[in-house]
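These notes are about the structure you will find just below.
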Number of protein chains: 2
Amino acid sequence: MKSVKLSPLKTISKGEMLLSQGEIANYGYLVKKGCLKSYTIDAAGKEHIVQFAPENWMISDLDSFTNRVPSLVFIEAIENSEYIPLSKSDFGAVNELEKEAVVEIANKYRNNLIAANKRIIGLLSATAEQRYLAFTDTYPTLIQRLPLKLIASYIGVTPEYLSDIRRKIAKK
Amino acid sequence: MKSVKLSPLKTISKGEMLLSQGEIANYGYLVKKGCLKSYTIDAAGKEHIVQFAPENWMISDLDSFTNRVPSLVFIEAIENSEYIPLSKSDFGAVNELEKEAVVEIANKYRNNLIAANKRIIGLLSATAEQRYLAFTDTYPTLIQRLPLKLIASYIGVTPEYLSDIRRKIAKK
DNA sequence: AATTAAAATTAAGGTATCTTAAGAAATGAA
DNA sequence: TTCATTTCTTAAGATACCTTAATTTTAATT
């Protein structure tokens, strides 16, 4: 029995990449400082942000990491950052983990799933303005920290349109 | 130590409801026959389908079930169905479960999370036509079984527009 | 501080998708 | 089989959001 073994802290500069679309994700990344993002590039060449990972968030392509299929996303630093890479062997096979560790992992997945479902509901049922306001509500600290164009990409609109939205909100 | 205890099979008619928006979800439902759906109703009164649950799928509002917060969704039968309700006490506290059961649960959450992330990517980056084609690809059996308007609601378009999309595809 | 590059704003015109509405087709009930 | 109800289709007009492009503001670099 063993718990998760930690690798040494690594550093990465803004703009550098840890994973590319189509590659196999051999690591998950636990961010200790700074911020990473994962994003797809669609058929039309446009970028869409799947996840932000500021301090103490984990980021990867879970499908690629788990099942060794090609990744759908790129992972890139949006600030100079520090992170711990976690490989499958760092985790060990699931049956070598203590039950407490498995419970912890299950809770993480569950919380992520709950958040993902909320995001789906928002994308299906809310206007761009409502999604922006929900984002500011849910991630108030990220608003200060991230450029508008990244937030636009996350909520699913163009930066130009998010700029319009902000102006309309300000006028109220 | 114990594994999950099963309650007796129940039946439900098309159109009947198992959970309403705003209520606490005391159960998850394991569908054995037929099909259930979960959906929100947005500020404008429109319905948006979050999940379909045909045979051997589980459906609930996970946040509500886990954290006893008000549900975001309704759960309703879209066919005459049979299901097994699972309460928290049916599961038992997590620390009373065997490790194998926890691993199984973690795997379920993980697979659901992977699917949810793919759906998010689709909603962010694909056109309605692409999302429809992806749906037919991913859930070929549901296409035969579900009315167009429910599929439209799931992929995030109006039934009228999905009808247009089908016509355009047929013309090719 | 000056220069360059990146991000944000603004505006005009365009497109995907929605709304409304009416009729046709399919399904279910009597 | 008929009637009623729901689902699907079609089309015209409306709107949310996008594209392009030019300008301003902010941030990064020398």
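All figures in this text were calculated on a predicted structure; none of them were measured in a lab. Just so it is clear, the values below take in all heavy atoms, side chains as well, and ignore hydrogens, waters and symmetry mates. Here is how names work: the chains are called A, B, and so on, in the same order as the sequence lines, proteins then strands, and each is numbered from 1.
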Separation between OG1 of A/Thr66 and NZ of A/Lys88, rounded to the nearest 0.5 Å
6.0 Å

Indicate yes or no: does A/Lys37 engage A/Glu47 in a salt bridge with an N to O separation below 4.0 Å.
yes

Check side-chain hydrogen bond (donor to acceptor under 3.5 Å, both in side chains) between A/Arg110 and all other residues, then give those that pass, not counting sequence neighbours.
A/Asn107

Can you tell me how far P of D/dT26 sits from CZ of A/Arg166, to the nearest Å?
13 Å

side-chain hydrogen bond (donor to acceptor under 3.5 Å, both in side chains) partners of A/Asn111, counting only residues at least two apart:
none

Any donor-acceptor N/O pair, A/His48 side chain to A/Ser153 backbone, under 3.5 Å:
no

Angle between the two end axes of the helix from C/dA1-D/dT30 to C/dA30-D/dT1, five base pairs per end, rounded to 10 degrees?
60°

Please determine whether a side-chain nitrogen of the Lys or Arg among B/Glu160 and B/Lys149 lies less than 4.0 Å from a carboxylate oxygen of the Asp or Glu.
no

Report the residues that fulfil side chain to side chain contact (heavy atoms under 4.5 Å, CB included) with A/Ser20, sequence neighbours left out, ordered by chain and then residue number.
A/Met17, A/Glu23, A/Phe74

Can you list, in residue-number order, the parts of residues 137-155 of chain B that come under 4.0 Å of DNA chain D, counting heavy atoms only?
B/Pro147, B/Leu148, B/Lys149

Nucleotide by nucleotide, nucleotides 11-30 of chain C touches protein heavy atoms under 4.0 Å in the pattern (B base, S sugar-phosphate only, - none) S----SBSBBB---------

On the six-membered ring of B/Phe52, is B/Arg145 placed so that its NZ or CZ lies under 6.0 angstrom from the centre and within 45° of the ring axis?
no

Cation-pi check, A/Arg166 to A/Tyr161: give yes when NZ or CZ is under 6.0 Å from the six-membered ring centre and within 45° of the ring axis, no otherwise.
no

Taking OH from A/Tyr132 and P from D/dC17, how many angstroms apart are they, rounded to a whole number?
15 Å

Check: B/Gln51 side chain, B/Met58 main-chain N or O, donor-acceptor pair, under 3.5 Å
yes

